[in-house]
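Data first, discussion second: the structure below is written as structure tokens.
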Amino acid sequence: MVKVEFLGPIAREPMELEVASLAELSKVLFEEESIRPWLEKCAVAVNDVMVKDPNHPLKEGDRVSILPPVCGG
Amino acid sequence: MVKVEFLGPIAREPMELEVASLAELSKVLFEEESIRPWLEKCAVAVNDVMVKDPNHPLKEGDRVSILPPVCGG
Amino acid sequence: MSDMELYEGPLNVKEIFGRWLDEEAESNYGAYIPFVGTIRAEDGIEALSFDIYEPVLRNWFDAWQAKAAERGARVKMAHSVGDVPVHTSSYVAAVFSPRRRVALELIEEFVEDFKANAPIWKYDVVEGRRIYAEDRSTPMEGAGVLADAKLGMRNEE
Amino acid sequence: MSDMELYEGPLNVKEIFGRWLDEEAESNYGAYIPFVGTIRAEDGIEALSFDIYEPVLRNWFDAWQAKAAERGARVKMAHSVGDVPVHTSSYVAAVFSPRRRVALELIEEFVEDFKANAPIWKYDVVEGRRIYAEDRSTPMEGAGVLADAKLGMRNEE
């Protein structure tokens, strides 16, 4: 299982999914109406490390964080 | 009379001179051995306003300050 | 204490500034530049409010500390979590460096990269309600990777 | 008190930082960036020492205040006169601005122009003796005007 958390303003409970890649994950997420509008603007961390490669694999126990647009300071 | 002050590290007492221009002043100063080596690197203020025009006139009562290279901070 | 500090509510800016000064008093740095961010009264807000994802922020900060060390410098930062009323401060970032040039360059890079890539979400607080500051927020580096991943998959179908 | 302060000996950096923060607490500035300059231990010096020509410094500072005001910002500065021991501070410059970009740009311009054009002379203090820091000093804008004046006169002869 892969755990997916939605950070900041995305009002969505965490999900547990059987997915083996970001591609498979994105397929699931793009089907959720409440999440879809965020995805183009979101960055992704896997186990708290930012991931920029769309071919990044996912393995059992990975934690995926979905990070919407930021504004610190 | 024009009063001339030497600031910072230039070890020279103030002078009182009868000069009507920066050109006349510079002629006097370049003849002083202890001052000459400084002059190429010095800026000039007249009555505490920086002067960049070599044709600047001087009048009775003007105070001229000779400012060697700086390093604040 | 670590060089990255998070606090509930507004920062005690004087305490933070003075403590950081004391911490580096014997480090022989010639330049110390803090940046203090204070909540402006505008658009009728009472406060701003912040969410932070600390693990990614810590990784971001540690990478910056390593980058500063390569230039002989050191960075520190403090940020608020939760509500911060107008005219109080939510953010202090600082650079210590032997020389002024590096300090001036790093404080600008540090603050700008923080703004773009620190995992912090800002909300206006109006009549006690939190409203995501969407128009002032920017996608982080690497945003859109899920859309790219989906596209890649489609091409393979 | 004016926004330009001169002190005999080392600066009380915490007092200055905190007082400036308080002075602008209700001014609705979003960014406050102080630059703190501290004397480094190097080349066996005990202290640095400073001469200042205050009237020209005040004119330089007032011109900067007007320039900052055009961009909605405000500058402040404090500097030491006389001896400042190593690991104590001789200089604090600060910018207050509604927004971070202007503050980051101005603090750099302000500190660099100060270094180049503030009428301040620096001396190393070694074994109690003051030695002019000639190699670290730079001619001010307009330096050489007397040589040019002399040349002009010669051409007219």
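Basis for what follows: all heavy atoms, side chains included, without hydrogens, waters or symmetry-related copies. First the proteins, then the strands, lettered A, B, ... as listed; each starts at 1.
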Distance col, row C:D148:CG vs A:D53:CG, nearest 0.5 angstrom, shows 10.0 Å

Closest non-hydrogen atoms of A:P69 and C:P139, given as atom of the first, atom of the second and distance, are CB-N, 3.7 Å

Looking only at heavy atoms, the pair that brings C:S90 and A:G73 closest together is OG-O, 3.2 Å

Most contact-rich option vs chain C, by heavy-atom pairs under 4.5 angstrom, among A:M50, A:E5, A:H56, is A:M50

Of A:L67, A:L39, A:V51, the largest count of non-hydrogen pairs under 4.5 angstrom with chain C goes to A:L67

Note to self: Tell me whether A:E40 is salt-bridged to C:K150, with the criterion being a basic N under 4.0 Å from an acidic carboxylate O.
What the structure shows: no

Treating C:K115 as the side-chain partner and A:G72 as the backbone partner, does any N or O pair qualify as donor plus acceptor under 3.5 Å?
yes

ask   = Can you tell me if C:W121 uses its side chain to pair, donor with acceptor, with the backbone of A:C71 under 3.5 Å?
value = no

Can you list the steps and then say if C:E134 with A:K41 is a side-chain contact (heavy atoms from CB on, under 4.5 Å)? CA-CA 11 Å; C:E134 188 175 359; A:K41 296 174 290 184; 3.4 Å; yes

The interface call for C:F35 against chain A, heavy-atom contacts under 4.5 Å, is neither

Cut-off 4.5 Å, heavy atoms of chain A, and the answer for C:A93 is neither

query: C:S137 versus A:V70: any side-chain heavy-atom pair under 4.5 Å?
result: no

* Could you walk me through whether A:D48 and C:V56 pass the side-chain contact (heavy atoms from CB on, under 4.5 Å) check? -> CA-CA 5 Å; A:D48 299 330; C:V56 164; 4.2 Å; yes

Would you check, one step at a time, whether the test side-chain contact (heavy atoms from CB on, under 4.5 Å) holds for A:I66 with C:L146? CA-CA 9 Å; A:I66 309 295; C:L146 285 169; 3.8 Å; yes

Looking only at C:A143, C:A118, C:G142, most heavy-atom pairs under 4.5 Å shared with chain A are made by C:A143

Okay, A:R63 and chain C: the region with an atom under 4.5 Å from a heavy atom over there is side chain

